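These notes concern the structure reproduced below.
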Amino acid sequence: MLIATFNINGTNARLPRLLEWLEEARPDIACLQEIKTMTENFPVETLREAGYHCLVHGQKGFNGVAILSREPATEVQRGLPGDETDEQSRYLEAEVMGVRVASIYLPNGNPQPGPKFDYKLAWMERLRAHAAGLLEAGLPVVLAGDYNVIPNDDDIWDASAMRDDALRQPQSVAAYRQLLWQGWTDAVRQLHPVGGIWSFWDYQAGGWQRDHGFRIDHLLLSPAAADRLQDAGVMKDVRGKEKASDHAPAWVRLR
DNA sequence: ATGTCCAAATATTTTGGA
């Protein structure tokens with residue numbers, strides 16, 4: 001089964017590209033981020049005609065995540081637990097085809113230092129707490145999304161380029177590693193350990209044209225899911241289309 | 001050259017976020 005994660009950067013602006021990608025790639029499960037629309041405005045009917053069920057956790061204007069699936073999905077968790085005051089729509093978890101899947105839009109955290117960076121680190125701590133619980137049952141779990149963390153120096157075109165950015169701060173990287181050390185497998189890294197694979201190219205400064213990208217979209221597999229890992233990668237071509245998102249889909253194939 | 005794109009309000013331009 002093919003599971004993908006794709007930060008689409010706006011549903012309204014990206015719908016033709018999204019439909020085209022679903023038709024071409026035919027993922028069994030697609031975790032979307034930055035849908036930037038309210039739940040009730042998400043194009044559920046259009047996607048149903050394209051062959052997908054939708055679970056949606058939207059928000060007006062910003063953020064927002066969704067899980068599309070070819071088979072019906074059962075929602076398990078809406079919003080990341082651990083802070084009742086958190087209004088931002090960044091987490092959705094479901095049971096689909098015998099696999100537990102989460103769509104994650106981790107806070108960007110810029111500018112740093114500052115309250116947005118503090119929110120990012122607190123959110124990562126909450127994710128770590130929730131993820132620990134998910135490992136206990138021993139089920140196949142895939143935590144897929146835009147983590148807004150560049151894990152290694154070879155996950156970016158120039159190791160020094162984002163040195164002062166929240167995506168590359170030691171605290172951000174440490175929090176990501178702490179999550180991995182619970183027992184998660186970074187699927188793309190596992191199959192491409194030498195790096196050099198990007199999932200994001202900035203619209204600015206000719207990022208795509210110069211291949212100035214980095215890897216921030218990750219699929220973390222529980223041991224039961226990692227045992228089934230067949231292949232993983234990034235669909236780079238998607239980034240080169242007209243009216244493309246600034247992210248390309250990352251994916252895993254499980255046996 | 002702090003360079004582009006998206007969504008919403010301030011609404012045919014500006015703003016906040018990324």
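In what follows, every chain begins at residue 1, and chains take the letters A, B, ... in the order their sequences are listed. Just so we're clear, the structure is a prediction, and the values are computed from it rather than from any experiment.
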If I pick the [atom1] atom on [M] and the same atom on [N], what distance separates them, to the nearest angstrom?
| N | M | atom1 | result |
| --- | --- | --- | --- |
| B:dA1 | B:dA18 | P | 27 Å |
| B:dC6 | B:dA11 | P | 22 Å |
| B:dT15 | B:dT10 | P | 12 Å |
| B:dA9 | B:dG3 | C1' | 25 Å |
| B:dT12 | B:dG17 | C1' | 22 Å |

How long is the line joining [atom1] of [X] and [atom2] of [N], in whole Å?
| X | N | atom1 | atom2 | value |
| --- | --- | --- | --- | --- |
| A:Trp208 | B:dC5 | CH2 | C1' | 16 Å |
| A:Asp164 | B:dT2 | CG | P | 18 Å |
| A:Gln209 | B:dT4 | CD | P | 11 Å |
| A:Ile35 | B:dC5 | CD1 | C1' | 18 Å |
| A:Phe42 | B:dA7 | CZ | P | 12 Å |

Decide whether A:Ser245 and A:Asn9 meet the rule of one side-chain donor and one side-chain acceptor closer than 3.5 Å.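 There is no such pair between these side chains.
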
Would you kindly say whether A:Asp211 and A:Trp157 are connected by a side-chain donor-acceptor distance under 3.5 Å?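 No, A:Trp157 and A:Asp211 have no side-chain donor paired with an acceptor closer than 3.5 Å.
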
Steps toward side chain to side chain contact (heavy atoms under 4.5 Å, CB included) verdict (A:His53, A:Arg48): CA-CA 6 Å; A:His53 302 264; A:Arg48 191 159 60 85; 5.9 Å; no

Of the listed nucleotides B:dG3, B:dA7, B:dA9, the one nearest the side chain of A:Ala13: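 For the A:Ala13 side chain, the nearest candidate turns out to be B:dA7.
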
By nearest atom, which of the nucleotides B:dA8, B:dC5, B:dG3 is closest to the A:Arg14 side chain?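 The listed nucleotide nearest to A:Arg14's side chain is B:dC5.
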
Please report the C-alpha distance between A:Arg210 and A:Asp202 in whole Å, then the side-chain angles of each, then the deciding distance to 0.1 Å, and finally whether the salt bridge (Lys or Arg N to Asp or Glu O under 4.0 Å) criterion is met. CA-CA 10 Å; A:Arg210 298 203 254 176; A:Asp202 203 306; over 6 Å; no

Result of checking A:Asp153, A:Val149, A:Ile216 against A:Arg168 for side chain to side chain contact (heavy atoms under 4.5 Å, CB included):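 Testing A:Arg168 for a side chain to side chain contact (heavy atoms under 4.5 Å, CB included) against A:Asp153, A:Val149, A:Ile216 leaves exactly one candidate, A:Asp153.
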
In terms of the nearest nucleotide of DNA chain B, which residue is placed more toward the 5' end: A:Ala205 or A:Gln59?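 Here A:Ala205 is the residue nearer the 5' end.
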
Treating A:Arg90 as the side-chain partner and A:Tyr105 as the backbone partner, does any N or O pair qualify as donor plus acceptor under 3.5 Å?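 Between the backbone of A:Tyr105 and the side chain of A:Arg90 there is a qualifying donor-acceptor contact (under 3.5 Å).
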
Just by distance, do the side chain of A:Thr11 and the backbone of A:Ile35 share a donor-acceptor pair under 3.5 Å?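 Here the side-chain-to-backbone pair exists.
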
For each nucleotide in nucleotides 10-18 of chain B, reading 5' to 3', give B when a protein heavy atom comes within less than 4.0 Å of its base, S when such contact involves only the sugar-phosphate, and - otherwise. -------SS

